Number of protein chains: 2
Amino acid sequence: MIIQHFVRVQTSTRDKIVFAAMRLFGEKGYNSTSVADILNASGMNAGSMYHLFPGKQDVLLAVLDTYLEGIQPMLLAPAWAEVPDPIERVFALLGSYRKRLTSTDCTYGCPIGSIALELHEPDPAVRDRLAANFAQWVDAVEQCFVEAGARLPKSVNRRQLAVMALTTMEGGVMLSRTDRSPRAFDDAIRQYRGYVDLLLHSRKR
Amino acid sequence: MIIQHFVRVQTSTRDKIVFAAMRLFGEKGYNSTSVADILNASGMNAGSMYHLFPGKQDVLLAVLDTYLEGIQPMLLAPAWAEVPDPIERVFALLGSYRKRLTSTDCTYGCPIGSIALELHEPDPAVRDRLAANFAQWVDAVEQCFVEAGARLPKSVNRRQLAVMALTTMEGGVMLSRTDRSPRAFDDAIRQYRGYVDLLLHSRKR
DNA sequence: GTCTATAACCCGATAGAC
DNA sequence: GTCTATCGGGTTATAGAC
């Protein structure tokens, strides 16, 4: 979900607006980003934006759709390019969030998580897209654990383990952003790895 | 951190404002709560509020201080009243968040976590108090694992395990609130318990 | 489709009488 | 300390010329 990975040429007015909004929503949040901010950052003007989008929330919908489309090519593909092992892929993915965190002095982590907690009563269209982003992330990690096959005990619920990868990452980002230190993120991930390692070496199958 | 547990008589104007703000910040978030909202909910007027507080952010500081003071008497004490076992206390605490989640149709969970992600560049005074709330929570859970003594392998880092309890709760609340279902929260907590159980029964000491 | 100007509204904060 | 009225500025969204 690293914004800089979106390298496709941003030629259309629509793309300029969506990518400017994506960056701003990630940096300042949705409510704290004004339409004027988006227009300044994208170099567009109000008439163009309101011609293309009914309102600010529709820009958010486009941003969330773009994140969703980007999960495979922009988030997973780079993180997994040189990591064939399915278990290691889970930690490579988590590592990509650590990189994002430290490369911004722990000022932001997962934009989806931030928006999910910022908007307390989101419009159903927004909530659906947030849920879809989370679901696709969990699906991908679950698939890793499924591919690990018999290396994990049969009794272990792959889905739950994947959900825990996401909660650990999101919770770790929350605490590390608050502390402006990767410490809590590292603590949580280390324990998650400890758990997975225990499962890998468990005698129970 | 359950608001309803604050039963002390709210007699002073200051308390009325702080507790009204506490409820509103939890329900709608900080930015989406206007000063007018706080005044309406508390029955006070602008002059009184601005006489007692320099501005809206100072009300937030008072709210965060109130949460911090309430961790022991309002959050831990009720959750642990009938749970003497230190390990079970950790899960009783996590269970209190599940109760909070389900009793609100999964519309809100931890107000500290919500504010922590809502405010992207909080004033240092705010950030310090958010961090203090997280730290005190983790301290209390760490103490549980310390008290569990030799039941846990010596090699297990108690602090990290406590941090993971918090990240699991916060991440679980985030996903469950988005899905409007306790499913993800339960999934994450179940795996956390699975990990702790593995540690308790580990042959390594 | 693009641009400027502005409408209509809500925000946090303040003034000043009592 | 409490109240009313209001200021100055920022917000989303729109109108209308080009």
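Each chain gets a letter, A, B and so on, in the order the sequences are listed, and its residues count up from 1. Keep in mind that this is a model prediction, so the values were computed, not measured.
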Can you give me every donor-acceptor pair (side chain of residues 49-61 of chain A, partner residue at least two apart or in another chain, under 3.5 Å) with its distance?
residue	atom	partner	partner atom	Å
A:Lys56	NZ	A:Tyr30	O	2.9
A:Lys56	NZ	A:Thr33	O	2.7
A:Asp58	OD2	A:Gly55	N	3.2

Would you mind writing out the side-chain donor-acceptor pairs for residues 140-147 of chain B within the sub-3.5 Å range, not counting sequence neighbours?
residue	atom	partner	partner atom	Å
B:Glu142	OE1	B:Arg159	NH1	2.6

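In this structure B:Ser103 satisfies the side-chain contact (heavy atoms from CB on, under 4.5 Å) test with no other residue, sequence neighbours excluded. For A:Phe134, the ring pair (Phe, Tyr, Trp, His ring centres under 6.0 Å) test picks out no residue, with sequence neighbours left out. Applying the side-chain hydrogen bond (donor to acceptor under 3.5 Å, both in side chains) criterion to A:Asp197, with sequence neighbours excluded, gives no partner residue. Take B:Ser48 and apply the side-chain contact (heavy atoms from CB on, under 4.5 Å) test, not counting sequence neighbours, and it matches B:Thr13, B:Asn45. Residues forming a side-chain hydrogen bond (donor to acceptor under 3.5 Å, both in side chains) with A:Asp123 (at least two apart in sequence, or on another chain): none.
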Short N/O separations, protein against nucleotides 10-13 of chain C, under 3.5 angstrom:
residue	atom	partner	partner atom	Å
C:dG12	OP1	B:Val35	N	3.4
C:dG12	OP1	B:Lys56	NZ	3.1
C:dG12	OP2	B:Val35	N	2.7
C:dA13	OP2	B:Tyr50	OH	3.0
C:dA13	OP2	B:Lys56	N	2.9

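A nucleotide of DNA chain D counts as in contact with chain A when one of its atoms lies under 4.0 Å from a heavy atom; the first and last such, 5' to 3', are D:dT11 to D:dT14.
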